[in-house]
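Scroll down for the structure; my scribbles are underneath it.
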Number of protein chains: 2
Amino acid sequence: MREREVRRAAVGELGEALRALVDAAVRTDVPVADLEKATAAAQELTALLAADLRHVHEIASVDDPETGARWYSPVYGPGSPVAPPMEVEDFPADGRCVGRVTVGKKHEGPPGLVHGGILALLLDHVLARSARASGHGGLTATLTVTYRRPVHLGVPLIVTGELGSVDGRRATATARIVAADDPGTTLAEGEAVLVALRADRASEVFAPTGRAVGAWTTRSSDG
Amino acid sequence: MREREVRRAAVGELGEALRALVDAAVRTDVPVADLEKATAAAQELTALLAADLRHVHEIASVDDPETGARWYSPVYGPGSPVAPPMEVEDFPADGRCVGRVTVGKKHEGPPGLVHGGILALLLDHVLARSARASGHGGLTATLTVTYRRPVHLGVPLIVTGELGSVDGRRATATARIVAADDPGTTLAEGEAVLVALRADRASEVFAPTGRAVGAWTTRSSDG
């Protein structure tokens with residue numbers, strides 16, 4: 001898998017460069033002539049990358065769909081230009097995962113604040129992941145977010161997910177967001193019900209990918 | 001405001017070019033050498049745009065914070081490289097808004113499917129917007145999303161938000177997502193409670209922007 005590691009590194013470096021570009025694009029005050037120059041340069045760059053494109057349902061060679069490691073995840077993907085990105089550590093023995101993230105200008109909601117839908121995205125990820133990391137992978141069936149306080153851009157955040165109960169294909173999880181420098185004050189919290197797909201339903205849902213996809217499917221031991 | 005219109009057009013064109021670049025970046029299968037070339041080109045492009053940057057709390061000159069028109073919104077912003085983008089039409093007399101969007105590879109969750117957190121982001125936007133368009137702007141206090149069916153990438157979607165009850169600073173709204181070619185089948189639905197900030201609290205929350213921000217604040221007529 002040496003080749004895959006080399007590609008993963010290159011994908012991660014391009015992802016980092018594009019995240020910096022996105023941040024500059026949503027904050028730039030350069031003259032209109034420079035915006036036009038940038039547009040032309042972006043089109044050239046797109047042509048280089050578009051010389052060989054995966055279909056929208058195709059799984060990237062750098063990914064591992066069995067474990068759920070996704071290099072272009074819009075939440076944590078090292079190769080994703082749209083991810084904040086959040087860095088997440090798994091503690092499967094405790095059914096927990098802990099994400100660290102600082103949300104920037106590209107994900108602004110009300111002026112100066114993180115978009116509430118982006119907070120929901122971060123919570124959704126750790127909710128599903130805390131279940132998946134303990135072998136209870138599933139799709140989110142319901143997600144409830146309670147916003148306690150406005151969350152400002154540029155503040156280091158900690159996003160924690162924790163598996164609750166498990167009953168057959170169904171699991172529950174809870175999550176919260178705090179500022180790294182004020183961990184006692186909850187800024188937002190989330191609750192989810194996750195339901196693992198039955199194998200036959202998973203085959204149908206993931207058929208367009210042309211691959212077996214384990215991480216969102218029920219395990220042999222449960223219903 | 002001719003100058004602002006010229007800049008808005010240039011910002012929109014750069015946004016479109018960058019969205020195409022992002023799409024190519026998350027789907028490219030070009031050789032590693034080309035990824036490296038692209039990284040260097042992206043860094044050069046970043047340097048061009050970063051010559052003059054707004055602070056993370058500063059409001060863009062193309063924006064109108066009084067009406068809530070945001071050119072870099074991560075949901076609908078013409079200048080946003082991370083937005084799907086959704087095109088939203090407001091029907092303030094009915095307390096409704098209707099979004100049209102096709103979600104691409106950059107917002108993938110499980111293989112081939114739209115990320116559940118991105119569906120929450122789309123719902124959150126129309127929920128808050130249906131209230132805001134009728135003069136009941138507020139921050140989301142709670143958001144509940146029910147996922148009925150997996151939503152595949154690349155499918156034209158319709159996302160509808162509708163204002164429910166209004167009680168002083170508090171409003172409720174509901175929303176749903178359907179496929180444009182199967183409007184009778186709900187794919188996901190959302191409910192929210194929105195609460196307008198009191199003027200004194202708004203001054204505090206938006207102080208870092210150095211501007212008066214009307215769209216998320218209580219109107220003079222309500223408490």
Side-chain angles (χ1 to χ4, degrees), chain A residues 7 10 13-14 17-18 20-22 24-30 32 34-35 38-39 41-43 45-46 48-54 56-57 59 65 72 74 81-82 105-107 110-112 115-117 120-121 124 140-147 150 153-154 205-206 208-209 213 216, chain B residues 7 10 13-14 17-18 20-22 24-30 32 35-36 38-39 41-43 45-46 48-54 56-57 59 65 72 74 81-82 105-107 110-112 115-117 120-121 124 140-147 150 153-154 205-206 208-209 213 216:
Chain A
R7 190 168 182 90
E13 275 161 34
L14 177 56
L18 291 175
L21 172 58
V22 165
V26 301
R27 292 173 57 200
T28 192
D29 270 334
V30 298
V32 165
D34 285 342
L35 296 180
T39 299
Q43 286 164 343
L45 188 42
T46 302
L48 169 65
L49 295 174
D52 185 4
L53 288 183
R54 273 186 298 285
V56 77
H57 279 95
I59 295 175
Y72 297 101
V82 307
K105 195 76 170 167
K106 71 185 175 197
H107 288 140
H115 196 293
L121 171 69
D124 180 64
T140 310
T142 64
L143 168 67
T144 305
V145 179
T146 307
Y147 300 93
L153 298 175
V205 169
F206 295 120
T209 68
V213 172
W216 292 268
Chain B
R7 190 169 183 90
E13 275 161 34
L14 178 56
L18 291 175
L21 173 58
V22 165
V26 301
R27 292 173 57 200
T28 191
D29 270 334
V30 298
V32 165
L35 297 180
E36 289 166 352
T39 300
Q43 286 165 343
L45 188 41
T46 302
L48 169 64
L49 295 173
D52 186 2
L53 289 182
R54 272 185 299 285
V56 77
H57 278 94
I59 294 175
Y72 298 102
V82 307
K105 195 75 168 168
K106 71 184 176 199
H107 287 141
H115 197 294
L121 172 69
D124 180 64
T140 311
T142 64
L143 167 68
T144 305
V145 180
T146 307
Y147 300 94
L153 298 175
V205 168
F206 296 120
T209 69
V213 172
W216 292 267

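Proteins come first, then strands; the chains are lettered A, B, ... in the order of their sequence lines, and each starts at number 1.
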Note to self: For a quick test of reading the model, state the closest non-hydrogen atom pair linking A:L49 to B:T28 and the distance between them.
What the structure shows: O-OG1, 2.6 Å
Checklist line | Largest heavy-atom contact set with chain A, pairs under 4.5 Å, which of B:T144, B:L153, B:L18 | finding: B:T144
Check: Do you know which of B:A25, B:A141, B:A17, B:A42 has the most heavy-atom pairs with chain A at a distance under 4.5 angstrom?
Finding: B:A141
Note to self: Shorter than 4.5 Å, heavy atoms on both sides: which option in B:V205, B:T39, B:T209 has the most such pairs with chain A?
What the structure shows: B:T39
Next item on the list: For residues B:K105 and A:V56, report the shortest heavy-atom separation together with the two atoms involved.
Entry: NZ-O, 2.8 Å
Item checked: Which of B:E13, B:R7, B:E36, B:Q43 touches chain A most, by non-hydrogen pairs under 4.5 Å -> B:R7
Note to self: Looking at every non-hydrogen atom in both residues, tell me the closest pair between B:V82 and A:P81 and how far apart they are.
What the structure shows: CG1-O, 4.4 Å
Checklist line | Partner chain A: residue of B:G154, B:P150, B:A120, B:A50 with the largest heavy-atom pair count (under 4.5 Å) | finding: B:P150
Next item on the list: Could you check if a side-chain atom of A:L21 sits within less than 4.5 angstrom of a side-chain atom of B:L21, using non-hydrogen atoms only?
Entry: yes
Check: For B:Y147 and A:L143, which heavy atoms make the closest approach, and how far apart are they?
Finding: OH-CD2, 3.8 Å
Note to self: Which heavy atom of A:L14 sits nearest to which heavy atom of B:L35, and what is that distance?
What the structure shows: CD2-CD2, 4.0 Å
Note to self: Quick check: closest heavy atoms across A:A24 and B:L53, and the distance to 0.1 Å?
What the structure shows: O-CD2, 3.8 Å
Check: Does any heavy atom of chain A fall under 4.5 Å from the side chain of B:H115, the backbone, both, or neither of them?
Finding: side chain
Notebook entry, point to check: Which one of B:A41, B:G112, B:A10 has the most heavy-atom pairs closer than 4.5 Å to chain A?
Noted result: B:G112
Checklist line | Engaged part of B:T146 at the chain A interface, taking heavy atoms whose separation is under 4.5 Å | finding: both
Checklist line | Check: B:V26 main-chain N/O paired with A:R54 side-chain donor or acceptor under 3.5 Å | finding: yes
Next item on the list: Please look at B:D52 and chain A and tell me whether the side chain, the backbone, both or neither of the residue comes under 4.5 angstrom of a heavy atom of that chain.
Entry: both
